[in-house]
Protein chains: 2
Amino acid sequence: MKFSDFKKLVAISREEICREIFRENRARIKVKKEKVAVKNLVKIFDATLSISNRKGFHAMSLRDLSGETGLSMGALYSYFGSKDELLDIIQSQGRRLASRVLSEQLAGITGARERLRRALYSHLYLSEALHPWFYFSYMETKNLNREQQRNAIENELYTESMFSDILAEGRASGVFDVKDTLLAAAAIKALLQDWYLKRWKYSGRKTSIEEYAGFIIDFIEAFVLRAPARV
Amino acid sequence: MKFSDFKKLVAISREEICREIFRENRARIKVKKEKVAVKNLVKIFDATLSISNRKGFHAMSLRDLSGETGLSMGALYSYFGSKDELLDIIQSQGRRLASRVLSEQLAGITGARERLRRALYSHLYLSEALHPWFYFSYMETKNLNREQQRNAIENELYTESMFSDILAEGRASGVFDVKDTLLAAAAIKALLQDWYLKRWKYSGRKTSIEEYAGFIIDFIEAFVLRAPARV
DNA sequence: GTCTATATCTGGATAGAC
DNA sequence: GTCTATCCAGATATAGAC
């Protein structure tokens, strides 16, 4: 599957995401006209991710945000109640969207090897489509409150167990040969995350995402499909 | 090699590190008695890493630092000229120490496979011995000034090229079979870094570092030593 | 060498005009 | 719905006593 096809298939536009956020937070958001609100929410989230990913959420002042969005301090506060709330909204929305897309992508796929490949592609492509959010989410976990931190951890463990389950299923059906499926799943996650954590590196080298996907599939399959030790 | 042996071999004590920092920064540090200075520097760096790794360097106030070290604000400022300088000192000292230890560890080792294993063990064990620093270094890169950011990137690329070179050497001598040594080296780094980035996870599961080391060596060798495709 | 006290500034948040 | 003006807590940094 090519990335461009995935993008068409999933169709995650910033407007759509912001509309969903608006509808779910109507109570808290003081601006009532959907059209106006969505337009400004797009600006606000874009700017927040962009500034934070450059210098960190905590280091971003609301005056920075005001400057980059073109909205005044007062206006910003009609969209969120506090800086922390802004952080929460971005994180929880992103998490929900990601887990929704991923489970959709795996639905109906059978065969361990095919499921593994599909899961790898989906994760990787989704993190590319939502790159600023994935990076933000990883780097700003420690700025969350306790409850949201628990959610973030749960999320990490959930996707990991997804991979672990696929590996276990493959082992049961004789396709895979892995002793410790949990360690293997952790390694898989590390390889997936490297793409969005070190994107500057891959961009600089003009490594395409399809190339990276092909590579890590090779890398992972060499281990999980492996024949008995060749030493 | 077991971790406990490595630790004895390398013998990186916090006192020793702080003594080195003191001697190299005598000009800037206002306190002149080595014994006093080193004792307090240990407190300062320990506390900085501990607080920052919990909630981020930027979110750590100097009052926090004062509280945790037991030193007053005034006293702190006789050890560094500004909060940013404190950050710089920690980062550059850590980098220097790490690259020194790693090149020492590889000196005189011959044979690509043996060199690869040694490099993996050294990296992993060093990151364990200096865990708070490695974690800090990774997470606080964006708070550095331009020059220090360049150093951090250089450092990442340097260790990566070390692995890439080992793989190329092994390919030349017929031990390894890797097409893209740079991509493979990037993957290796990702696996090494996961250990210190997700230490909470591995600690919680009681995965020992020797176990993790054994696992990633298996994982990596399954790919680099691999026989022609088995599909 | 270290502390207390304080100057100075920045950032989050809000009230009220438009 | 948005802006300007302002409040105030908390941050870095320093001066000077001990």
Side-chain angles (χ1 to χ4, degrees), chain A residues 18-19 21-23 25-44 47-48 51-52 54-90 140 143-145, chain B residues 18-19 21-23 25-44 47-48 51-52 54-90 140 143-145:
Chain A
C18 288
R19 184 151 31 242
I21 292 179
F22 172 69
R23 289 184 183 163
N25 292 279
R26 267 219 173 91
R28 291 192 287 190
I29 295 175
K30 295 201 185 75
V31 177
K32 291 304 164 199
K33 286 187 194 161
E34 182 167 304
K35 213 173 153 186
V36 178
V38 169
K39 190 192 70 184
N40 284 332
L41 284 172
V42 170
K43 277 192 205 162
I44 293 172
T48 302
I51 302 171
S52 298
R54 224 176 311 129
K55 62 179 188 179
F57 181 76
H58 199 276
M60 172 192 80
S61 73
L62 291 182
R63 286 180 179 83
D64 290 341
L65 191 57
S66 162
E68 187 140 332
T69 55
L71 292 162
S72 68
M73 298 281 293
L76 289 177
Y77 274 90
S78 24
Y79 291 93
F80 50 81
S82 73
K83 201 183 166 191
D84 281 345
E85 195 182 296
L86 173 61
L87 179 60
D88 280 5
I89 295 175
I90 296 182
E140 303 299 343
N143 290 325
L144 295 168
N145 59 39
Chain B
C18 289
R19 186 153 27 245
I21 292 179
F22 172 70
R23 289 182 182 164
N25 292 277
R26 266 217 173 92
R28 292 191 286 191
I29 295 175
K30 295 202 186 73
V31 177
K32 293 303 165 200
K33 285 188 195 162
E34 182 167 305
K35 213 174 154 186
V36 178
V38 169
K39 192 193 70 184
N40 284 333
L41 284 172
V42 170
K43 278 191 206 164
I44 292 172
T48 303
I51 302 171
S52 299
R54 224 175 313 129
K55 61 179 188 179
F57 181 76
H58 200 275
M60 173 191 80
S61 74
L62 292 182
R63 284 189 185 86
D64 290 341
L65 191 56
S66 163
E68 187 139 334
T69 55
L71 292 162
S72 68
M73 300 280 295
L76 290 177
Y77 275 92
S78 23
Y79 292 94
F80 50 80
S82 73
K83 202 183 164 190
D84 281 344
E85 194 182 295
L86 174 62
L87 179 59
D88 279 5
I89 295 175
I90 296 182
E140 303 298 344
N143 290 324
L144 295 167
N145 59 38

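The sequence lines fix the lettering, A, B, ..., with proteins before strands; numbering per chain opens at 1. As a basis for the values below, the full set of heavy atoms in this structure was taken, side chains included, without hydrogen atoms, waters or symmetry mates. Quantities reported herein were computed from a predicted structural model and do not represent experimental measurements.
Distance CG (B/Leu71) to C1' (C/dT4): 14 Å, rounded to an integer number of Å. The distance from atom CG of A/Leu87 to atom P of C/dG12 is 13 Å, rounded to the nearest whole Å. Rounded to whole Å, the distance from CZ on A/Phe80 to C1' on D/dT2 is 14 Å. Here D/dG10 presents its P atom at 15 Å from NZ of A/Lys83, a figure rounded to the nearest Å. What separates CE of B/Met73 from P of C/dA7 is a distance of 15 Å, to the nearest Å. Protein atom CD1 of B/Ile51 is 12 Å distant from nucleotide atom P of D/dA11, rounded to whole Å. B/Asn143 has its CG atom 16 Å from the P atom of D/dA11, to the nearest Å. When the P atom of C/dG11 is taken as reference, atom CG of A/Leu86 falls 16 Å away, rounded to whole Å.
A/Phe57 approaches A/Lys83 most closely through the heavy-atom pair O-NZ, 3.1 Å. Listed here is the closest heavy atom pair of A/Thr69 and A/Lys43: O-CD, 3.4 Å. Residues A/Glu85 and A/Phe80 approach most closely at OE2-CA, 3.9 Å, considering heavy atoms. Heavy atoms only, all atoms of each residue included: A/Ala59 and A/Asp64 are closest at O-OD2, 3.9 Å.
Along DNA chain C, the nucleotide nearest to B/Leu76 and the one nearest to A/Asp84 differ in position, and the one closer to the 5' end is contacted by B/Leu76.
Comparing D/dA13, C/dT2, C/dA13 against the side chain of A/Leu62 picks out C/dA13 as the nearest. Distance from the side chain of A/Ala75 is smallest to D/dC3 among D/dC3, D/dT12, C/dG12. In the set D/dT12, D/dT2, C/dG12, the nucleotide with an atom closest to the side chain of A/Tyr79 is D/dT2. Of the candidate nucleotides C/dT14, D/dT2, C/dC3, C/dC3 has the atom nearest to the side chain of B/Ser72.
How far CD1 of A/Ile44 is from CG of A/Leu76: 5.5 Å, rounded to the nearest 0.5 Å. For the atom pair CE (B/Met73) and CZ (B/Arg63), the distance works out to 5.5 Å, reported to the nearest 0.5 Å. Interatomic distance, A/Ile89 CD1 to A/Ile21 CD1, rounded to the nearest 0.5 Å: 7.0 Å.
Close to D/dT2, at under 4.0 Å from its OP1 or OP2, lies no side-chain N or O of A/Tyr77. The phosphate of D/dA11 has OP1 or OP2 within less than 4.0 Å of a side-chain N or O from B/Arg63.
A heavy atom lying under 4.0 Å from DNA chain D marks none of the residues of residues 26-41 of chain B.
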